[in-house]
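Encoded as structure tokens, the structure appears first; notes follow it.
Chain naming here is simple, since letters A, B, ... match the order of the sequence lines and numbering starts at 1 in each.
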Amino acid sequence: MNVRVRFAPSPTGFLHIGGARTALFNWLYARHTGGTFILRIEDTDTARNTQEAVDVILHGMRWLGLDWDEGPTTPDAKGPSKGDYGPYFQSQRGDLYKKRVQELKDKGFAYDHEGAVKFKMRRTPILIPDIVVGDVERKLTDREEADPDFVIVRSDGQPVFHFVNVVDDLEMKVTHVIRGEDHLSNTSKHIAMFQAFGVEPPKYGHIPLILNPLDGSKMSKRDKGSSLKFYMDEGFVPEAVVNYLCLLGWSPKDNREKMPLDEIVKLFDVPNILRHNAKFDLDKLHWLDGEYIREMAPERFRELGIEAFKHAKFPLEQFPAAYVAAAVDTCRGKVKNFGELPAYAGFYFNEDVTIDPALIEKEFTAEAKGRLQKLRDAFAQLTEFTAPNLELTLKKIAGELGIKAGPLVHPTRMACTGAGAGPSLYHLLEVLGKDRVLKRIDRVLGM
RNA sequence: GACCCUAUGGUCUAGCGGUUAGGACAUCUCCCUUUCACGGAGAUAGCCCGGGUUCGAUUCCCGGUAGGGUCGCCA
């Protein structure tokens with residue numbers, strides 16, 4: 001059987017991190033089985049659906065690297081798409097739904113009620129053969145017991161989610177529905193409708209939810225990090241986010257954490273998806289992100305680093321390209337996340353280094369200033385302002401003063417960067433260049 | 001209220017009847033080092049509770065408890 005799976009988000013203007021993981025698991029399963037991955041836009045709520053909102057989804061998917069075999073190619077609902085089962089926007093499938101509603105009515109499974117159309121739901125328990133959770137027997141709740149039927153077409157003529165979702169899965173020949181566990185209870189409705197249509201339902205697999213780490217409830221729009229945009233803006237590497245998401249609810253079972261996607265595609269399968277919810281651990285993502293950044297090709301690091309500074313509104317265009325590149329290069333292997341970069345190395349592009357007054361008191365005592373003056377004069381003598389020369393000079397001065405390098409290194413770093421930590425001092429000095437370095441040292445000496 | 005899912009350190013997980021309960025993140029200590037980061041060595045910390053089944057339960061069954069989800073003319 002050729003596997004056909006889909007991701008069917010609603011364009012609300014943001015892509016939920018849990019939705020991204022659902023998309024990822026569907027994509028993994030499609031790639032693992034050599035099947036087809038469909039992207040379908042569930043834009044039945046016309047009021048809040050815009051092209052921008054659709055674009056957020058398409059961007060997010062592309063950023064994650066989740067390519068779809070069928071679905072829209074532009075955010076325009078009436079625009080082009082790929083695949084033989086379109087349109088892939090529900091807003092364009094109205095006629096189809098009308099036909100299907102009529103079919104249910106003809107078969108006696110649907111009826112008009114106060115201007116709406118309701119589905120005649122089975123009153124007996126429904127077996128959901130879930131490929132992740134196992135067999136689930138869903139009984140009616142007390143409220144459903146009172147009125148088991150549910151609306152499939154609103155009184156304004158718009159069909160509702162449960163109905164269009166089923167019709168589309170049916171029409172698009174979806175074989176496996178992998179979705180969040182929040183849908184498990186509703187699956188009985190969907191199965192009942194498939195049965196009403198006289199069609200075998202797809203196989204369902206309900207994956208655990210991603211919980212917010214604070215109170216352990218379902219990640220909601222308000223929670224920090226619930227939107228994929230957060231990770232895009234904060235400068236996370238997409239491969240790291242994808243890798244982390246894979247580890248939330250799935251495991252290679254051999255203690256590996258960081259692993260290439262193609263390896264995951266090979267190992268991933270629905271039966272070994274975990275069944276319990278997981279809290280999102282931003283610290284671990286940070287760590288993974290750092291791993292990816294550290295092993296990144298130098299050119300890519302430079303490119304993403306420059307992007308991060310630009311994102312933070314640093315006027316990079318005012319500096320020579322070679323200077324910018326050299327500055328970013330000194331940060332390789334130092335940060336776990338590109339979002340940290342502007343704070344970490346902003347001193348390269350900020351001529352007025354701000355130093356905490358309390359630290360000035362502490363670091364720049366009269367004694368320290370005397371030493372720094374000596375070092376400054378030695379630096380001024382240098383004709384080749386290079387890292388090795390700078391190191392040699394600093395150590396020489398330290399020797400003459402009868403002290404270790406540390407007491408000289410710290411004030412120098414503080415004077416030039418305003419921070420107690422940062423890139424390698426000697427390399428950072430070389431990049432800043434003699435003029436800047438002397439100017440910055442002079443500045444604190446005059447304080 | 002009803003229905004459904006779940007339960008290994010703070011977090012993500014390995015385990016599938018007999019293990020000194022393994023790994024990772026985080027935390028702490030030490031080493032390396034121009035700072036930080038990396039790397040290396042170590043430490044703290046876990047099988048929700050109660051019954052069964054069994055020679056033996058973290059593992060299987062039942063009950064409880066706890067957490068999560070669902071019962072919309074939202075998706």
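- Which of A75(B), A24(B), C4(B) sits closest to the side chain of Trp287(A) comes down to A24(B).
- Between U44(B) and U27(B), the distance separating the two C1' atoms is 8 Å to the nearest Å.
- Judged by closest nucleotide on RNA chain B, Leu140(A) is the one of Leu140(A) and Ala116(A) placed further toward the 5' end.
- For U70(B), one of the phosphate oxygens OP1 or OP2 lies less than 4.0 angstrom from a side-chain nitrogen or oxygen of Lys218(A).
- With A2(B), G39(B), U35(B) as the candidates, the nucleotide lying closest to the side chain of His410(A) is U35(B).
- If you check A45(B) for Watson-Crick or wobble pairing at under 3.5 angstrom, you find it has no partner at all.
- The nearest heavy atom of RNA chain B to Tyr426(A) and to Asp182(A) marks one nucleotide each, and the one closer to the 5' end goes with Tyr426(A).
- Under the Watson-Crick and G-U wobble criteria, each requiring two contacts below 3.5 Å, nucleotide U70(B) is paired to A2(B).
- Rounded to a whole angstrom, the distance from the C1' atom of G69(B) to that of A14(B) is 27 Å.
- A salt bridge links Lys284(A) with Glu257(A): the closest approach of a Lys/Arg side-chain nitrogen to an acidic carboxylate oxygen falls below 4.0 angstrom.
- With sequence neighbours excluded, the residues satisfying side chain to side chain contact (heavy atoms under 4.5 Å, CB included) with Ala398(A) are Ile403(A), Leu408(A).
- Rounded to an integer number of Å, the gap from Asp254(A) CG to A24(B) C1' is 12 Å.
- Among the nucleotides C4(B), C73(B), C71(B), the one closest to the side chain of Lys189(A) is C71(B).
- Shortest non-hydrogen contact noted between Ile191(A) and Leu127(A) is CD1-O, 3.9 Å.
- Across the protein-nucleic acid pair, Phe163(A) atom CZ and A75(B) atom C1' stand 16 Å apart, rounded to whole Å.
- The number of heavy atoms from other shown groups lying within 6.0 Å of NZ (Lys404(A)) does not exceed 12.
- Lys334(A) contributes a side-chain N or O that forms a donor-acceptor pair with the base of C36(B) under 3.5 Å.
- Base pairing of U58(B) is not made with any nucleotide, judged by Watson-Crick or G-U wobble geometry with both donor-acceptor distances under 3.5 Å.
- Around atom NZ of Lys369(A), more than 12 heavy atoms belonging to other residues, nucleotides or ligands sit under 6.0 Å away.
- For His206(A), no side-chain nitrogen or oxygen approaches OP1 or OP2 of U70(B) to under 4.0 Å.
- Taking atom C1' in both G18(B) and U29(B), one finds a spacing of 36 Å when rounded to whole Å.
- Of the listed nucleotides (G68(B), U35(B), A7(B)), U35(B) has the atom at the smallest distance from the side chain of Ala421(A).
- Pairing for A7(B) is with U65(B), a Watson-Crick or G-U wobble pair whose two hydrogen-bonding atom distances lie under 3.5 Å.
- Side-chain proximity of Leu425(A) to the nucleotides C74(B), C5(B), U34(B) is greatest for U34(B).
- Rounded to whole Å, the distance from CG on Asn243(A) to C1' on U13(B) is 14 Å.
- Aromatic pair Phe236(A)/His286(A): ring centres closer than 6.0 Å.
- To the nearest angstrom, P of G69(B) lies 12 Å from NZ of Lys279(A).
- Using a 4.0 Å cut-off between a side-chain N of Lys or Arg and a carboxylate O of Asp or Glu, Glu181(A) and Arg275(A) do not qualify as a salt bridge.
- Look at NE2 on His190(A): it is 18 Å from P on C4(B), rounded to the nearest Å.
- Comparing C16(B) with U8(B), their C1' atoms are spaced 13 Å from each other, to the whole Å.
- Proximity of Thr44(A) to the phosphate of A75(B): a side-chain N or O atom is located under 4.0 Å from OP1 or OP2.
- Remark: the separation of the C1' atoms in U20(B) and G46(B) is 15 Å, to the nearest Å.
- Across the protein-nucleic acid pair, Tyr204(A) atom OH and C4(B) atom C1' stand 16 Å apart, rounded to whole Å.
- Rounded to whole Å, the separation between the P atoms of C38(B) and A26(B) comes to 8 Å.
- The pairing partner recorded for A26(B) is none, the criterion being a Watson-Crick or G-U wobble arrangement whose two distances lie under 3.5 angstrom.
- Remark: P of C74(B) and CD of Gln158(A) are 10 Å apart, rounded to the nearest angstrom.
- Heavy-atom contacts from other residues, nucleotides or ligands closer than 6.0 Å to CG of Asp95(A) number 12 or fewer.
- On the C1' atoms, C60(B) is 33 Å away from G1(B), given to the nearest whole Å.
- Nearest to the side chain of Arg275(A), among U34(B), C5(B), U6(B), sits U6(B).
- Between the side chain of Asn277(A) and the base of G68(B), no donor-acceptor pair of N or O atoms lies under 3.5 Å.
- Atom C1' of C49(B) sits at a distance of 44 Å from the matching atom of G39(B), rounded to the whole Å.
- The separation between Lys395(A) atom NZ and U34(B) atom P is 5 Å, rounded to whole Å.
- Base pairing of U35(B) is not made with any nucleotide, judged by Watson-Crick or G-U wobble geometry with both donor-acceptor distances under 3.5 Å.
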